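To start, the structure itself, in structure tokens.
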Amino acid sequence: MHIDKETIRKIAHLGRLEFEEKNEEHILKDFNKILDWMDKLNELDTSNVAPLIHMSSEVNVLREDEVKVTLKHEEALYNAPKKDSDYFRVPKFLG
Amino acid sequence: MKRYNSLEEVRSDLSKGLISCRSLTEYYLDNIKKKAHLNAYLEVYETEALAKASEVDQKIKEGKAGKLAGMVIGIKDVLCHKNHGLQASGKILSGFISQFSGTAVQRIIDEDAIIIGRQNCDEFAMGSSNENSAFGPSLNEADTTRVPGGSSGGSAVAVQADLCLASLGSDTGGSVRQPAAFCGIYGLKPTYSRISRYGLIAYSSSFDTIGIISRSVEDAALLLEIMAGPDNFDSTVSHKEVPAYSKSLDFGKKVKIGYLKESVESPGVNEEIRKKTQDILTTLEKEGHTVKPVEFSLLEYILPTYYILTTAEASSNLSRYDGVKYGYRSSEATDLQSLYKKTRSEAFGAEVKRRIMLGTFVLSAGYYDAYYTKAQKVRRLIKEQTEKILSDVDFLVIPTTPTTAFKIGEKTEDPISMYLADVFTVQANLSGIPAISVPAGNDSQGLPIGIQIMTKAFEESSLLAFSKYLTSKN
């Protein structure tokens, strides 16, 4: 499968990334080469195979739902690039 | 001070009073300074390590020391260590200070390991050469124009160059075994879910395992024994009993060993590595073990499967780096969306962005079934075929890598050629089984060769015992 620049832009938006226009050609070439390589899987008939989703053999590991402080308020905010005493701060996004 | 190859050797000299934990720590700190050009450590905890060493010396005197007393250890920059920096060798976590210790790290601290520093790696553990680090590559001590492998490159170099006794790394597709092979030491990837992943920065959650890099099988066994087992902070971790690996390293039986024909015949595998593998198989046969070729028809599908699934999981796991909660934030942002985009685009490295893009693509509407679901199906086929092989033979013995350490810059232009460096290691991660790279001497240029052994899930005891036996015959 080959994709175009429009798809690259759409995927970049979904992944919250942006690229300079001059780099798009390179990214596209790279991307299509890797997709060709991934397309190799189509040689295998998997119509009767169920996808493998869980790698751990543990099932429903449950524990009591106890209220505990595992990370204090100030610890959770400690690494924030911008914060006030209670919250993470971000640019205004509602008009 | 001499070079120690195991904790047992250290303990013996400690008990004779020839060294102290403090003098040993000073020795490693001195080596780190002398060999700073190898770029193995991102940060060294000099004062703290020396203080801890004195504390452990005191505990030894009082007979209260833990099982790892005397072990000076380094940790890959993907493991949370309370009140210490952590940034996955990338720019996006600049200034991040971990607010808690991961389970594995806490367990080694509780047993009196001395953590000497955090180690260089590929950014977010994505890479096979340590060249994708925002702090520059770590260098292979065997030849400093060559890579140490990756992603746990700095961790392997630190053990290779005597900058600590052992390292904790992580292995998603070979990231502990491949650098161990390139650096001539041991690299153990345990069964998936054997060690809690709590406090390990997530790359690809259905593959990630904490691994061990060491100079002896005994140290790998002891560290695994201490770190493995149930944990309230990871619901996927196995509740199977943790055997006393370090006490079951005797190996006396005759076993069945399988090898892949491709690994000793394919021209894609370096000739000296093929010959070394063949020599080891011949030795094992002479020792009375059954050695036979096994058919693994899916070999050429493992890397595409791996890259579809890991990039998908990575794109999801790395969505948390948005410039809001921690780390780097772009100063160019004008609104919330541009805050996310500019932060991520400015701070992630090229390979990380490439994988986020690929992962986002294979998970996107219209492509999900063709790529992601397809790869999950092929993963089942690979796992089942691997299990079938391992129901017939006790161990699979193949090279860890198709080549020895390559030159810095040699593969950076072509991502697929770089991905091929993992062709023999990825099978274990796709199948969830344990695997180890054992040093098998050097090639004619003096570059280390690693031999990989794989076995059934949760059979680390026999894997480690066989590794020790193989080392003695090698």
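Lettering of chains follows the sequences in order, A, B, ..., and the numbering in each one begins at 1. Treat the numbers as computed from the prediction; the structure is a model and nothing was measured.
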Over all atoms of both residues, closest heavy-atom pair of [X] and [Y]:
X: A:Ile11; Y: B:Ser364; result: CD1-OG, 3.9 Å
X: B:Gly323; Y: A:Pro81; result: O-CG, 3.2 Å
X: A:Leu14; Y: B:Thr360; result: CB-CG2, 3.6 Å
X: B:Arg344; Y: A:Leu17; result: CB-CD2, 3.8 Å
X: B:Met357; Y: A:Ile8; result: CE-O, 3.6 Å

Atom group of [X] that falls short of 4.5 Å from chain A, counting heavy atoms:
X: B:Ser431; result: backbone
X: B:Ala375; result: both
X: B:Ser193; result: side chain
X: B:Leu430; result: backbone
X: B:Tyr192; result: side chain
X: B:Leu336; result: both
X: B:Lys342; result: both
X: B:Leu303; result: both
X: B:Phe207; result: neither

Heavy-atom pairs under 4.5 Å with chain A are the metric here; pick the option from [options] that has the most.
options: B:Lys341, B:Glu300, B:Glu346, B:Lys383; value: B:Lys341
options: B:Ile356, B:Val324, B:Asp335, B:Val378; value: B:Val324
options: B:Asp414, B:Ile308, B:Thr373; value: B:Ile308
options: B:Phe100, B:Tyr367, B:Tyr371, B:Tyr419; value: B:Tyr371
options: B:Ile416, B:Leu309, B:Leu363; value: B:Ile416

Segment of [X] engaging chain B (4.5 angstrom heavy-atom cut-off):
X: A:Lys33; value: both
X: A:Ile3; value: side chain
X: A:His54; value: neither

Contacts with chain B made by [range] (heavy-atom distance under 4.5 Å), listed by residue number:
range: residues 39-48 of chain A; answer: A:Asp39, A:Lys40, A:Leu41, A:Asn42, A:Glu43, A:Leu44, A:Thr46
range: residues 58-67 of chain A; answer: A:Glu58, A:Val61, A:Arg63
range: residues 22-29 of chain A; answer: none

4.5 Å side-chain heavy-atom contact, [X] and [Y]:
X: B:Tyr326; Y: A:Tyr78; value: no
X: B:Gln99; Y: A:Lys72; value: no
X: B:Thr334; Y: A:Lys92; value: no

Practice item. Any chance you could lay out the side-chain contact (heavy atoms from CB on, under 4.5 Å) test for B:Lys353 and A:Phe19, step after step, and finish with the verdict? Key: CA-CA 10 Å; B:Lys353 283 188 221 174; A:Phe19 297 95; 3.8 Å; yes
**Study point:** Closest-packed option against chain B by number of heavy-atom pairs under 4.5 Å, given A:Thr70, A:Ile53, A:Ile34, A:Leu77
**Key:**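 Looking at each option in turn, the highest pair count goes to A:Ile34.
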**Study point:** Greatest number of heavy atom pairs closer than 4.5 Å to chain B - which of A:Lys82, A:Glu18, A:Lys83
**Key:**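 Heavy-atom pairs under 4.5 Å are most numerous for A:Glu18.
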Review point. Is the backbone N or O of A:Pro51 less than 3.5 Å from a side-chain atom of B:Arg380, with the two atoms forming a donor-acceptor pair by type?
Key: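 A pair under 3.5 Å: yes.
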Exercise for review: Decide yes or no on side-chain contact (heavy atoms from CB on, under 4.5 Å) for B:Lys374 and A:Met38, but give the supporting numbers first.
Suggested key: CA-CA 10 Å; B:Lys374 179 79 184 182; A:Met38 289 176 167; over 6 Å; no
Exercise for review: Kindly indicate, with the supporting measurements, whether the criterion side-chain contact (heavy atoms from CB on, under 4.5 Å) is fulfilled by A:Val49 and B:Gln376.
Suggested key: CA-CA 9 Å; A:Val49 182; B:Gln376 286 184 313; over 6 Å; no
Review point. What residues of residues 312-322 of chain B sit under 4.5 Å from chain A when only non-hydrogen atoms are counted?
Key: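 Result: none.
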Check your understanding: Can you name the one residue among B:Ile97, B:Leu93, B:Leu86 that meets side-chain contact (heavy atoms from CB on, under 4.5 Å) with A:Asn79?
Key ->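 So, applying the side-chain contact (heavy atoms from CB on, under 4.5 Å) to A:Asn79 and each of B:Ile97, B:Leu93, B:Leu86, only B:Ile97 qualifies.
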Review point. According to the interplanar angle, ranging from 0 to 90°, do the rings of A:Phe31 and B:Phe361 count as parallel (below 30°), tilted (30 to 60°) or perpendicular (above 60°)?
Key: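 Because their plane-to-plane angle is over 60°, the rings of A:Phe31 and B:Phe361 count as perpendicular.
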Check your understanding: Hey, is A:Asp30 close enough to B:Arg354 for a salt bridge, meaning N to O under 4.0 Å?
Key ->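 Salt bridge flag = yes for B:Arg354 with A:Asp30.
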